[in-house]
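A short write-up of the structure that comes next.
Here, residue 1 is the first one in the sequence, and each next residue gets the next number. In what follows, every heavy atom counts, from backbone to side chain, and hydrogens, waters and symmetry copies are set aside.
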Amino acid sequence: QVQLVESGGGLVQAGGSLRLSCTVSGRTFSIYNMGWFRQAPGMEREFVAVINWNGQSTDYADTVKGRFTISRLNAKNTVYLQMNSLKPEDTAVYYCAKGGSYSKSLNAYDTWGQGTQVTVSS
């Protein structure tokens, strides 16, 4: 069974940076499309970024475009989310997910991590 484990969350001041990591168990990581999503208190889970299986294609939510960068290292079964110029409105639990297709839709993802909290203070 594939498992996803996120790390790297924490408390940071507005304007600061964090890098989230998501390590995936199993031998077939390199064939998965991977996504990052986030969920703020009282809000629905929303798309943040997606990367295709070989890292050649990426896409972002408009709210994070130009500030966040998704990348992956297949040799380490890990996908990353570099977050720069953080804003208080980025505060949320961030989840990585394994998808069967390259998509912004939550429904395209079949396995999720437990989430990591990111808090941005003003």
Side chains of [X] and [Y] in contact at under 4.5 Å (non-hydrogen atoms):
X	Y	answer
W112	R45	yes
M34	L4	yes
E89	V120	no
T111	Y32	no

| message | Could you report the tightest heavy-atom contact between Y94 and E6, atom names first, then the distance? | response |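 Residues Y94 and E6, closest heavy atoms: O-OE2, 3.9 Å.
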| message | Can you give me the closest heavy-atom contact between A49 and L81, atom names plus distance? | response | CB-CD1, 4.2 Å
| side-chain hydrogen bond (donor to acceptor under 3.5 Å, both in side chains) pairs, two or more places apart, involving residues 66-75 | R67-D90, R72-N74
Roughly how far, to the nearest 0.5 Å, is [atom2] of [Y] from [atom1] of [X]?
X	Y	atom1	atom2	result
Y102	N52	OH	CG	6.0 Å
T116	W36	OG1	CH2	7.5 Å
Q13	S122	CD	OG	9.5 Å
S57	I70	OG	CD1	11.5 Å
N33	N54	CG	CG	9.0 Å

| said: Which residues pass the side chain to side chain donor-acceptor pair (under 3.5 Å) test with N107, not counting sequence neighbours? | reply: none
| remark: Sequence neighbours excluded, the answer for salt bridge (charged side-chain N to carboxylate O under 4.0 Å, His left out) partners of E46 is R38
Under 4.5 Å between side-chain heavy atoms, hopping through other hydrophobics if needed: is there a path connecting [X] to [Y]?
X	Y	answer
M83	Y80	no
I51	I31	yes
F29	Y95	no

| task | Tell me, please, which residues at least two apart from Y109 pass ring pair (Phe, Tyr, Trp, His ring centres under 6.0 Å). | result |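 By the ring pair (Phe, Tyr, Trp, His ring centres under 6.0 Å) rule, Y109 matches F37.
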| request: Enumerate the residue pairs fulfilling ring pair (Phe, Tyr, Trp, His ring centres under 6.0 Å) with a member in residues 49-71, sequence neighbours excluded, ordered by first and then second residue. | output: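 Sorted result for residues 49-71: empty, none.
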Residues 15-24 side chain polar contacts: donor-acceptor under 3.5 Å, at least two apart:
{"from": "S17", "atom 1": "OG", "to": "N84", "atom 2": "OD1", "distance (Å)": "2.9"}
{"from": "T23", "atom 1": "OG1", "to": "T78", "atom 2": "OG1", "distance (Å)": "3.4"}

